[in-house]
Participant: 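This is the structure I want to talk about, given as structure tokens.
Here is how names work: the chains are called A, B, and so on, in the same order as the sequence lines, proteins then strands, and each is numbered from 1.
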There are 2 protein chains.
Amino acid sequence: MTSTDPGPLRPTRQRRAVVGVLGTFADFRSAQDIHELLTSAGEKVGLATVYRTLAALADAGEVDVLRNEDGEAVYRSCSDSHHHHLVCRSCGATVEVEGPAVERWTRAIAEQHGFTDVSHTLEIFGTCTACSGSS
Amino acid sequence: MTSTDPGPLRPTRQRRAVVGVLGTFADFRSAQDIHELLTSAGEKVGLATVYRTLAALADAGEVDVLRNEDGEAVYRSCSDSHHHHLVCRSCGATVEVEGPAVERWTRAIAEQHGFTDVSHTLEIFGTCTACSGSS
DNA sequence: CTGCAGTTGACAATGATTCTCAACTGATTG
DNA sequence: CAATCAGTTGAGAATCATTGTCAACTGCAG
Ligand SMILES: [Zn+2]
Ligand SMILES: [Zn+2]
Ligand SMILES: [Zn+2]
Ligand SMILES: [Zn+2]
């Protein structure tokens, strides 16, 4: 049987547009920011659709999501492999980082306490060189 | 000079009450949850005050704050030393964990990229033994 | 006791995210 | 090409956590 398709996900103009802008910036942006980018680029996409699309992409692992300190969800198109982020608190510049040791550590800690089905979140914040200068 | 007092912070009935309930649970709770706990305990404290107090405590490092997956801020009274959390996705049970190696790693990574004034967030999620059983 | 800066609380205001639901669209079939 | 239908969209309403307002209140110093 070739039936059990969990979710089709049709490639529509709107979805293509969202994926499109996601490639035009390297930092994390909110759904509203992305909606504005689309609008000012001439692409007409409803705000609700932007939210839905981003949620779907995040769900599919196509984009990374995290919460800024105000609790808003921000998105970024990242590499496929598992990684974390080093983010500039001032300008938002983002660097993807990997740490096999950390991955191992989290797994060990969880196992040590009998936790299963483990996942984790890890972000590093700081001030990048460019922003250090401007007093 | 004994002048530069950033913020007084007077010990009022309300503030004592909030600190009080914070000691009655070991997992992370939202401001609203805490407000309900206070109310059902007979303590009359306004919701806005609970928010303000929690924000102040968090600011002073007296409590830990983090965002649940819905983006809501949740609070917990923790030990003073720097640590992270292993949280059960199902029941919320929380374990404080420490990882000197991770602390070192984040600092190194940040330095490597020229970032200064570094901080980080790290949480581990999973299903605890108690919750693994219940299918 | 008085005076005042710090606090409080009822309620309004904000703002991100989700919901509703009728109109639309893309692939598929004949 | 036209009919068909599940998936999709968008305008606007609805949610809901969190913050702002501001007059009344309350520790504490003089
Ligand atoms: Zn990423
Ligand atoms: Zn990781
Ligand atoms: Zn803690
Ligand atoms: Zn740490």
Participant: Taking atom C1' of dG15(C) as reference, at what distance in whole Å does atom CD of E69(A) sit?
Facilitator: 17 Å
Participant: Check whether R89(A) reaches the backbone of D117(B) with its side chain - one donor and one acceptor, N or O, closer than 3.5 Å.
Facilitator: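 Checked: pair present.
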Participant: If you take any heavy atom closer than 4.0 Å to DNA chain C, which residues from residues 29-62 of chain A end up in contact?
Facilitator: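 Those residues are Q32(A), A48(A), Y51(A), R52(A).
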Participant: Just say parallel, tilted or perpendicular for the rings of H120(A) and H84(A), cut-offs at 30° and 60°.
Facilitator: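 The arrangement is tilted - the two ring planes meet at 30° to 60°.
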Participant: Here's a test of your reading of the structure: between V74(B) and T12(B), which maps to the more 5' nucleotide of DNA chain D?
Facilitator: V74(B)
Participant: Between the main-chain N or O of V45(A) and the side-chain N or O of T49(A), is there a donor-acceptor pair closer than 3.5 Å?
Facilitator: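 Checked: no pair found.
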Participant: Looking at Q14(B), does any N or O in its side chain come under 4.0 Å of the phosphate oxygens OP1/OP2 on dT26(D)?
Facilitator: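 For Q14(B), the contact criterion (side-chain N or O under 4.0 Å from OP1 or OP2 of dT26(D)) is not met.
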Participant: Looking at A56(B), is its backbone amide N or carbonyl O close enough to the side chain of D59(B) to form a donor-acceptor pair, meaning the two atoms are under 3.5 Å apart?
Facilitator: no
Participant: For residues H85(B) and F28(B), establish whether the separation of their ring centroids is below 6.0 Å.
Facilitator: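 They qualify: ring centres under 6.0 Å apart.
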Participant: Write down the distance between CZ (R15(B)) and C1' (dC28(D)), rounded to a whole number of angstrom.
Facilitator: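 It works out to 14 Å between those atoms.
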Participant: From the options dG26(C), dA5(C), dT17(C), select the nucleotide whose nearest atom is closest to the side chain of R10(A).
Facilitator: dG26(C)
Participant: Please report the distance, rounded to the nearest Å, between CG in D70(B) and P in dA17(D).
Facilitator: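 In whole Å, dA17(D) P lies 10 Å from D70(B) CG.
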Participant: For DNA chain C, find the residues of residues 20-28 of chain A with a heavy-atom distance under 4.0 Å and give them by number; none if there aren't any.
Facilitator: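 None - not one residue of the stretch has a heavy atom sitting under 4.0 Å from the strand.
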Participant: Please indicate whether D70(B) has more than 12 foreign heavy atoms, meaning atoms of other residues, nucleotides or ligands, lying under 6.0 Å from its CG.
Facilitator: yes
Participant: Rounded to the nearest 0.5 Å, how far apart are OH of Y75(B) and CD1 of I34(B)?
Facilitator: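 Result: 7.5 Å between the selected atoms.
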Participant: Could you give the CZ-to-C1' distance, from R67(B) to dC16(D), as a whole number of Å?
Facilitator: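 It works out to 14 Å between those atoms.
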Participant: Let me know the distance between CZ of R13(B) and C1' of dG6(C), rounded to the nearest Å.
Facilitator: 16 Å
Participant: Rounded to the nearest 0.5 Å, what separation is found between the CZ atom of R76(B) and the CD atom of E96(B)?
Facilitator: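 Answer for the CZ-CD pair, R76(B) versus E96(B), is 4.5 Å.
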Participant: Keeping the roles fixed (side chain from T106(B), backbone from E103(B)), state whether a donor-acceptor pair exists under 3.5 Å.
Facilitator: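 Checking the backbone N and O of E103(B) against the side chain of T106(B), a donor-acceptor pair under 3.5 Å is found.
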